[in-house]
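Here the structure is a predicted model, which is why all the values come from computation and not from measurement. Each ligand, and each atom within it, is numbered from 1 in the order the structure gives. Below, all heavy atoms of this structure are taken into account, side chains as well, without hydrogens, waters or symmetry copies.
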Amino acid sequence: MPAITASAPGKIILLGEHAVVYGHPALAIPVHQVQAKVTASADIGVPRGRIRILSPKIHIDTERGLLADDHPLSLAIDGALRAVGVEQPPALLLRIDSTLPVAAGLGSGAAVSVALIRALTAFLGYPLPDAEVNALAYTVEQRLHGTPSGIDNTVITYARPIFYQREHGFQPLTVGAPLTFVIGDTGVRSPTREAVAAVRQDWQAEPARSEALFAHIARIVIEGRAALEGGRPQTLGSLMNEDQRCLAALNVSSPELERLVGTALDAGALGAKLSGGGRGGNMIALVTPERAKAIASALQAAGAVRVLTTRLLAEPAREVQHD
Ligand code: MEV
C-alpha cells in the first residue's frame, strides 16, 4: 500500500466567534500558510492492528493502543476506522507534521483531525467525502471543546470562505474585492474550550447581558457579510472593530490582544480584532496592501511572536499566500 499524505489549512474567524456557539451566524476563512499534514504508511514487520503515531514537533511517539479512548487522536482514528468498516487495519504509521500553533485560535485541533481522517481512510482505500470528514472531525471537536459550533472543522474541511450557522450549516462566500489580512500571534496559549466555558459561565450568570451581546454580534456578522460580498473593506474594518468591542465585553480579550489590536489600528489597519476563542492566541487586522508590511513590522515590534499576511482574492473566492 503506498503512503498517503493529506493536509488541512488553518483558519481565522472574521466575525462572530462565541455568538456562533449560541446559534448565531459567523464568517470564517482558511489560512493556507499554516497546515496540518498527516502521512499514513505501512509499518513493516509489525503485527496487524497496531497503529503507531509519530508527531516529532510535539514529541509524540506512541501507539493508538496506549492512548486513552477519549484522546482526540484516538477519536479521529477510531471514527475513521468505523466509518470505513475496518476493524483490524494493517499495521500502520501515522506521521503528523503541523505548522499550526496549538491553542492559538487558528484551528490546530480541527486541522489535525481533518488531515488524519483523510490520510487514514484514503490509505485504507476508502477516501471519505468532505461531508463525512467534516462530521467526523466535529465529533472530535465535541470532545475537545465541549460545545463547539462546528465552524472550525467546517471551514477547515472545505478550505474556503464561509458564512456559518450551527442549525443551517455553511454557505460559501463570494468576495467582492481582494482583502489583505495580517495575523499576529500574542504567544499566549489559550485553549478554546476554556474561553467557551468562561463565556458560558457569564451567560448563565447574566443571560440577558450575554444575549444582548450575541444579538449585537449577529447584526455585525450580517452587515459584515454584505460588506465582504459587496467589496467594501472600510465598512468591514469598522465592523471588525465593533465586534472586538463586543468580544471585550464578553471578557475574551486580553491585555496582549488589546496591545496588538491597538498597534495595528495605530499603524493604519482598517479594522482589527481577536480571532477564535480569544484570551490569547491570534488577532487579525484588515489592512490595505500598501500598509501590510508596515503593520506586520509594528505588530512584531509590539511583541507578536509570529506574523502572517494572507490575501483573499475577489471572485472566485480563493486565498493565496504572502509572507
Ligand atoms: C473558535 O474558533 C470559535 C468559537 O466560537 C468556538 C466555536 O465556534 O466552537 C470561540
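Less than 4.0 angstrom separates some heavy atom of P148 from each of these atoms of ligand 1: 9 (O). Counting atoms of ligand 1 from 1 in the listed order, those under 4.0 Å from a heavy atom of D152 are 1 (C), 2 (O). Within the listing of ligand 1, atoms 5 (O), 6 (C), 7 (C), 8 (O), 9 (O) sit less than 4.0 angstrom from a heavy atom of V21. Those atoms of ligand 1 that come under 4.0 Å of a heavy atom in I151, given as number and element, are 8 (O). Below 4.0 Å from some heavy atom of V20 lie the following atoms of ligand 1, by number and element: 5 (O), 8 (O).
Between R64 and D78 there is a salt bridge, since a side-chain N of the basic residue sits under 4.0 Å from a carboxylate O of the acidic one. A salt bridge links R118 with D130: the closest approach of a Lys/Arg side-chain nitrogen to an acidic carboxylate oxygen falls below 4.0 angstrom.
In this structure, V199 and F214 have side chains that are in contact, with non-hydrogen atoms separated by less than 4.5 Å.
With hydrophobic clusters built from ILVMFWY side chains whose heavy atoms lie under 4.5 angstrom apart, Y126 shares a cluster with L116. Hydrophobic clustering (side-chain heavy atoms under 4.5 Å, transitive across Ile, Leu, Val, Met, Phe, Trp, Tyr) keeps L73 apart from V46.
Remark: minimum distance from atom 7 (C) of ligand 1 to any protein heavy atom is reached at S149 OG, 3.4 Å. In this structure, the protein non-hydrogen atom closest to atom 4 (C) of ligand 1 is H18 N, 3.9 Å.
Remark: ligand 1 and E17 share no N or O pair separated by less than 3.5 Å (distance only, no angle test).
No hydrogens or angles considered: a donor-acceptor pair under 3.5 Å links the side chains of R311 and T180. For T235 and E223, the side-chain atoms include no donor-acceptor pair closer than 3.5 Å.
For the pair K11 and ligand 1, a heavy-atom separation below 4.0 Å is found.
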